[in-house]
Structures are given as C-alpha cells and as structure tokens.
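Since the structure comes first, as structure tokens, the remarks are kept for the end.
Note: hydrogens, waters and symmetry copies are ignored here, and every other heavy atom, side chains too, is used. Numbering of ligands and ligand atoms starts at 1, following listing order. By convention here, the first residue in the shown sequence is residue 1.
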Amino acid sequence: MTLNRMFEKKQAAFGPFLKLPNPALVEIIGIAGFDFVIIDCEHGPLDMLVAEEMVRAAKLSGLSAVIRVSENNPALISRALDIGADAVQVPQVSTRTDAEKVVQAAKFAPLGERGVCRYVRAAGYSSVDRQAYFTLANQNTRTIIHIEGEEGMENIQDILQVEGIDVIFIGPYDLSQSLGLPGQVDHPLVVARMREIIDRAREAGKIVGTFVDDVDAARKWLALGVQYIAYSVDTGIIYQSFKEIADSLYQGVGDEGNA
Ligand code: 3PY
Ligand code: MG
C-alpha cells in the first residue's frame with residue numbers, strides 16, 4: 001500500500017521510522033503490509049547513498065518512501081526528493097516563514113524554487129519528458145512538517161495558512177521537551193497541546209500525523225482524527241521482538257542450559 005490510501009482515499013496510513021541502513025528491511029515492511037517508511041536522516045546514521053537504496057526498495061515493495069531530513073535546509077530537501085522520495089518530512093517548523101521555506105525547497109516554479117536537475121533518480125535519470133517532469137513532481141511530491149516546539153504551537157494558525165503543506169506532524173517527544181517535560185509524552189499537558197494542534201489543523205482541512213510506539217496509542221490518536229501514524233522505530237521493534245523471544249526461551253531454563 002502507499003500514502004495514496006491517505007491522500008486519495010482519506011484513510012489512515014501507517015509506517016515506521018527507520019534508522020537501520022538496510023533495503024531488505026524496507027522490503028520486509030512492504031511485504032508485511034504497511035503504507036510507508038520514514039527513512040530517518042535526522043536521528044541516526046543514515047546518509048543519502050543508503051537512503052537512495054532504501055527508496056528503491058520501497059518502490060519495489062509498493063511502499064511510499066518518506067525521508068526525514070535533519071533540518072529545514074533547501075539543499076537537504078532537494079537531495080531527498082532527487083533520489084526519489086515521495087515525501088519529505090521536515091523537523092522543527094516554528095513559523096510561517098519556516099513552512100514557506102519547506103514549500104519553496106520542495107516545489108519547482110511557479111510554486112517554489114527547488115533546484116533543477118533532471119538526471120537524477122526522481123526524473124528517471126532524464127528519461128521522463130523534460131516538460132512533464134516539473135509538473136508531475138509538483139503534483140506528486142508531498143510535504144510533511146513537524147510542529148514540535150512552543151513557538152510552532154504559538155504560530156500554528158499562521159503555519160496552517162501556508163499552501164503546499166500536506167501533513168502537520170506533531171512530534172510528541174520534542175514537544176514534551178519544549179514544555180519542560182522531556183520524554184513524558186503521556187503527560188496531560190503534552191496531550192492537551194497535541195489535541196489543540198490536531199483540532200486547529202483539522203479545522204484548516206489539513207491531515208495530521210504523529211508518532212506512537214504501541215497499538216493502543218495509535219487507536220487513541222486515530223479516534224481523535226490523526227491519519228498519518230508513524231508507528232515506532234525499526235530498532236525498537238526489533239529489540240522488543242528479540243527481548244520477548246529471549247525472555248520466553250530462557251524462562252525455566254537453568255544456567256546449565258537445560259533443566
Ligand atoms: C518527536 O517525537 O519529536 C519526533 O520527531 C517523532 O517521534
Ligand atoms: Mg522530533
């Protein structure tokens with residue numbers, strides 16, 4: 001499945017953040033039936049070379065590829081889109097100007113000023129028609145912005161006016177930190193601010209996203225109208241699975257190996 005499920009059919013979409021540099025992992029996630037992966041170039045070791053391999057694996061497995069860049073920087077946004085990401089996810093958007101900067105970097109003229117090169121993966125290495133590429137890219141490229149700080153919350157109404165932003169993503173961890181409660185993503189104050197952003201964004205007709213790391217939390221936010229659900233992180237999911245297996249394998253087994 002892909003993000004079209006959300007953008008066209010108005011249904012919820014699910015996908016994990018990825019920190020491990022592994023295209024096979026992306027394939028497995030596609031086979032498992034998710035809609036998208038978020039290749040995380042903000043936190044962790046991923047670089048553009050491996051991100052391109054992961055985008056390729058996503059396309060082969062019928063997944064949308066989102067790249068989270070490390071900062072709101074036009075050079076990073078255009079590289080992410082040039083290697084073929086379907087969407088770019090940009091952290092720490094705090095003002096209307098920040099949001100406009102994302103659109104400027106992600107769209108070609110007349111909508112923006114994305115740097116032009118048609119010899120990249122996104123343009124079929126120049127095989128896509130020279131005129132058609134720019135129009136198609138502007139239509140198909142999606143922008144996702146993080147609102148995850150006090151300033152972003154204060155300026156939310158202005159940010160929501162910016163055309164060309166497709167998803168408002170609430171980062172609960174950074175938001176909790178900016179409220180002086182680092183990591184307390186279930187704290188009533190954090191939850192209240194998240195709900196406020198969700199309501200404002202939905203009133204403005206925007207799709208809202210957030211991060212969860214268990215199914216109950218996903219259900220809670222879905223019920224409140226969140227549609228873009230970033231479900232946990234590859235490293236955490238793998239750790240959890242191995243831990244559960246190890247715990248049950250070792251249960252009742254003595255130090256000798258077999259009781
Ligand atoms: C955050 O919570 O701050 C994120 O960016 C996503 O988990
Ligand atoms: Mg964050």
Side-chain angles (χ1 to χ4, degrees), residues 3 6 12-20 29 34-46 51 54 64-73 76-77 80 85 87-95 98-99 101-102 142-156 159 165-198 200-201 206-222 224-240:
L3 279 172
M6 182 177 81
F14 305 92
F17 274 100
L18 301 183
K19 301 201 190 302
L20 298 175
I29 293 159
F34 283 86
D35 300 292
F36 62 90
V37 287
I38 308 171
I39 299 163
D40 192 0
C41 297
E42 182 189 9
H43 293 292
L46 299 185
M54 293 168 79
S64 293
V66 180
I67 294 186
R68 175 163 75 171
V69 291
S70 56
E71 60 176 347
N72 188 359
N73 174 329
L76 300 178
I77 292 173
V88 69
Q89 187 160 327
V90 180
Q92 297 290 354
V93 169
S94 302
T95 62
D98 287 349
K101 195 172 159 193
V102 172
R142 302 291 189 164
T143 58
I144 302 166
I145 58 169
H146 284 231
I147 303 296
E148 52 188 356
E150 253 185 308
E151 205 189 344
M153 284 183 287
E154 271 161 30
N155 292 324
I156 186 72
I159 293 171
I165 298 294
D166 296 296
V167 179
I168 302 294
F169 183 90
I170 307 168
Y173 279 92
D174 278 305
L175 191 64
S176 68
Q177 168 163 266
S178 85
L179 294 170
L181 301 159
Q184 295 186 52
V185 295
D186 294 321
H187 191 286
L189 202 58
V190 178
V191 173
R193 299 315 292 265
M194 289 178 70
R195 291 187 67 154
E196 215 177 296
I197 300 169
I198 294 168
R200 298 266 172 84
K206 296 283 186 195
I207 292 174
V208 188
T210 195
F211 173 84
V212 299
D213 56 13
D214 67 60
V215 173
D216 288 344
R219 299 244 177 280
K220 175 177 95 178
W221 293 117
L222 283 168
L224 291 168
V226 175
Q227 283 178 292
Y228 175 80
I229 302 278
Y231 188 93
S232 201
V233 183
D234 53 0
T235 46
I237 292 170
I238 291 169
Y239 164 73
Q240 196 59 38

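Scanning all heavy atoms of the two residues, the minimum distance from S64 to L3 falls at OG-N, 2.8 Å. Residues C41 and A51 approach most closely at SG-CB, 4.5 Å, considering heavy atoms. Contact detail for V226 and T210: the closest heavy-atom pair is CG1-N, 3.8 Å. Nearest heavy atoms, V167 versus M6: CG2-CE, 3.9 Å. A pairwise comparison of heavy atoms in A12 and L222 identifies CB-CD2, 3.5 Å as the closest pair.
A side-chain N or O of H146 and one of Q89 form a donor-acceptor pair less than 3.5 Å apart.
Around the Mg ion (ligand 2), the protein atoms of type N, O or S that sit closer than 2.8 Å are E148 OE1, D174 OD2.
Between the CD1 atom in I29 and the CG atom in D35 there is a gap of 12.0 Å [rounded to 0.5 Å].
Aromatic ring centres of F34 and Y231 lie farther apart than the 6.0 Å criterion allows.
Side-chain atoms of I77 and V90, non-hydrogen and from C-beta on, do get closer than 4.5 Å to each other.
Sorted by chain and number, the heavy-atom contacts of ligand 1 below 4.0 Å come from R68, H146, E148, F169, G171, P172, Y173, D174, F211.
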